[in-house]
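Lettering follows sequence order; numbering is per chain, from 1.
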Protein chains: 2
Amino acid sequence: MDDGVDRPRWLSKEEDRAWRGYRRMQLLLNRQIARDLARDAGLSEADYDVLSNVSEAPGGSMRLTELARHMRWSKSRLSHHITRMEQRGLVVRGEVASDARGSVISLTDRGLETIRQAAPGHVESVRRHFVDLLTPAQLAAFAEISWTVVDHLLEAEP
Amino acid sequence: MDDGVDRPRWLSKEEDRAWRGYRRMQLLLNRQIARDLARDAGLSEADYDVLSNVSEAPGGSMRLTELARHMRWSKSRLSHHITRMEQRGLVVRGEVASDARGSVISLTDRGLETIRQAAPGHVESVRRHFVDLLTPAQLAAFAEISWTVVDHLLEAEP
DNA sequence: GACGGGATGTTGACATGACAACAACCGTAG
DNA sequence: CTACGGTTGTTGTCATGTCAACATCCCGTC
């Protein structure tokens, strides 16, 4: 009677509730955060992440590949995105003395000013729609869960 | 000394860990689930959700607006997506007797067959990268958290 | 039985991100 | 000092999603 294909282990009610909750939360939460950010600072979440990561880098700049690795973006995605942000005057590509292929990303004054202006509102938005809705225990549990999932995925794709 | 602008309530270490964990998990988890689904069934997550929702609808079909409301998609997004899925022969738009503007979405035989073939593998993928990594208590906590966030967002945008 | 406000879908323009193919360059074995 | 495998970034192409503007149609009113 065994045709060689295991019978699917469908999700239990609780498992399904968790998964659907994740998907739904993601849809609504990302949309809201993105709207807030776009309205208040004219940035996308991706823009914000790039500005944020570069500004926190030692020396205020980072090699493209290093930044991509740090953000877990593909080099392609980052390159495209940097091109667009460069056109808006938020970042610049610099050359690397030690490697002619290299490209160093750094913020323009405008980029720096933009992230400084945007940060408080963005944090407030994250609080309003997420952080402040949860108890410290829930936040801790959530952090634990998400990093567990992340670590697992990074084992396969280091 | 008060210039009218509150000092930003930056995230605490734990809060930051939770938020960054969420963002990172999302990036990696969605990418992995999407890849599995694309490889195994030639579907995007969006495709899967549409097929899934329509197939579960009473009568196996749903009005476009109702489906959009159900999925929390904009009518525009759904309309565009249905157009693409229709071109691939997965769904069809039917007319509504009671309303000349109306459009009823239903699956083609191919669409039905596709979701049936895809479901087991997709569930397995969700288990492998998410559900099976967590304890029942964690799953319960996660579900609670996500629906709390969802409910809050739905208050503003019903 | 025509009007006006609201609902239903569609469309166009544009920003994103994924994947794969490339061009250029580095460094090391020989 | 040359060939070659690996690295750094870039680019083209295509599928998605967003927003805003529309074209149609329905319905309660007057």
Side-chain angles (χ1 to χ4, degrees), chain A residues 23 26-39 41-50 61-88 90-105 157, chain B residues 23 26-39 41-50 61-88 90-105 157:
Chain A
R23 302 281 298 158
Q26 201 175 211
L27 178 67
L28 299 180
L29 185 53
N30 292 354
R31 185 153 70 194
Q32 191 56 53
I33 299 273
R35 278 178 186 161
D36 288 350
L37 202 47
R39 174 170 41 71
L43 296 174
S44 67
E45 294 186 85
D47 297 334
Y48 187 91
D49 285 345
V50 169
S61 67
M62 223 186 299
R63 282 289 290 270
L64 191 144
T65 292
E66 190 196 345
L67 181 55
R69 197 161 30 225
H70 191 67
M71 300 179 70
R72 297 276 158 193
W73 281 21
S74 68
K75 285 180 291 184
S76 162
R77 175 182 180 182
L78 185 55
S79 180
H80 278 303
H81 210 272
I82 291 295
T83 299
R84 294 186 293 253
M85 292 182 73
E86 202 170 19
Q87 288 167 350
R88 289 192 288 151
L90 296 172
V91 301
V92 243
R93 274 187 242 253
E95 296 184 354
V96 182
S98 62
D99 188 333
R101 297 162 303 180
S103 196
V104 206
I105 316 302
E157 181 189 3
Chain B
R23 301 281 298 158
Q26 202 175 211
L27 178 67
L28 299 180
L29 184 53
N30 292 354
R31 185 152 69 193
Q32 191 55 54
I33 299 273
R35 278 177 186 161
D36 288 350
L37 201 47
R39 174 170 41 71
L43 296 175
S44 66
E45 295 186 85
D47 296 334
Y48 187 91
D49 285 345
V50 169
S61 67
M62 223 185 299
R63 283 288 290 269
L64 191 145
T65 292
E66 190 196 345
L67 181 56
R69 197 158 32 222
H70 191 66
M71 299 179 71
R72 297 275 157 194
W73 282 21
S74 69
K75 284 180 293 185
S76 163
R77 175 181 181 183
L78 185 54
S79 180
H80 278 304
H81 209 274
I82 290 296
T83 298
R84 293 186 293 254
M85 292 182 73
E86 201 170 19
Q87 287 166 352
R88 289 193 288 150
L90 296 172
V91 300
V92 243
R93 276 189 241 254
E95 297 184 352
V96 182
S98 62
D99 188 335
R101 298 163 302 179
S103 196
V104 206
I105 316 302
E157 182 189 2

What contact category does [X] fall into here, base, sugar-phosphate, or nothing, at under 4.0 angstrom with non-hydrogen atoms?
X      : result
A46(A) : sugar-phosphate
R93(B) : sugar-phosphate
R35(A) : sugar-phosphate

What I want to check is whether an N or O donor and acceptor connect the side chain of [X] with the base of [N] at under 3.5 Å.
X       : N       : value
S76(B)  : dC19(D) : yes
R101(A) : dT7(D)  : yes
S103(A) : dT10(D) : no

Earlier contact from the 5' end, DNA chain C, for R84(A) and S98(A)
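Taking each residue's closest nucleotide, the earlier one in sequence belongs to R84(A).
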Of S44(A) and S79(B), whose nearest nucleotide on DNA chain C comes first from the 5' end?
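Final value for this comparison: S79(B).
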From the list dT18(D), dA18(C), dC26(C), which nucleotide is the closest neighbour of the side chain of R31(A)?
dT18(D)
Given dC26(D), dT8(D), dT18(D), which nucleotide is nearest the side-chain atoms of A100(B)?
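Selected nucleotide (nearest to the side chain): dC26(D).
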[N] phosphate, OP1 or OP2, under 4.0 Å from [X] side-chain N/O:
X      : N       : value
S74(B) : dG17(D) : no
T65(A) : dT7(D)  : no
T83(A) : dT10(D) : no
R63(B) : dG9(C)  : yes

How close or far is atom [atom2] of [N] from atom [atom1] of [X], stated in whole angstroms?
X      : N       : atom1 : atom2 : result
Y48(B) : dA15(D) : OH    : P     : 23 Å
L43(A) : dA15(C) : CG    : P     : 15 Å
N30(B) : dG17(C) : CG    : P     : 12 Å
L78(A) : dT11(D) : CG    : C1'   : 15 Å
L64(A) : dT7(D)  : CG    : P     : 16 Å
K75(A) : dT7(D)  : NZ    : P     : 8 Å
L37(A) : dT16(C) : CG    : P     : 12 Å
M62(A) : dT8(D)  : CE    : P     : 15 Å

Minimum side-chain heavy-atom gap [X]-[Y] below 4.5 Å:
X       : Y      : result
R23(A)  : N30(B) : yes
R93(B)  : L64(B) : yes
L27(A)  : W73(B) : yes
R31(A)  : L28(A) : yes
I105(A) : M85(A) : no
L90(A)  : V50(A) : no

Between D47(B) and V96(A), the residue closer to the 5' end of DNA chain D by nearest nucleotide is V96(A)
Stacked pair H80(B)-dT11(C), distance under 5.5 Å, angle under 30°
yes
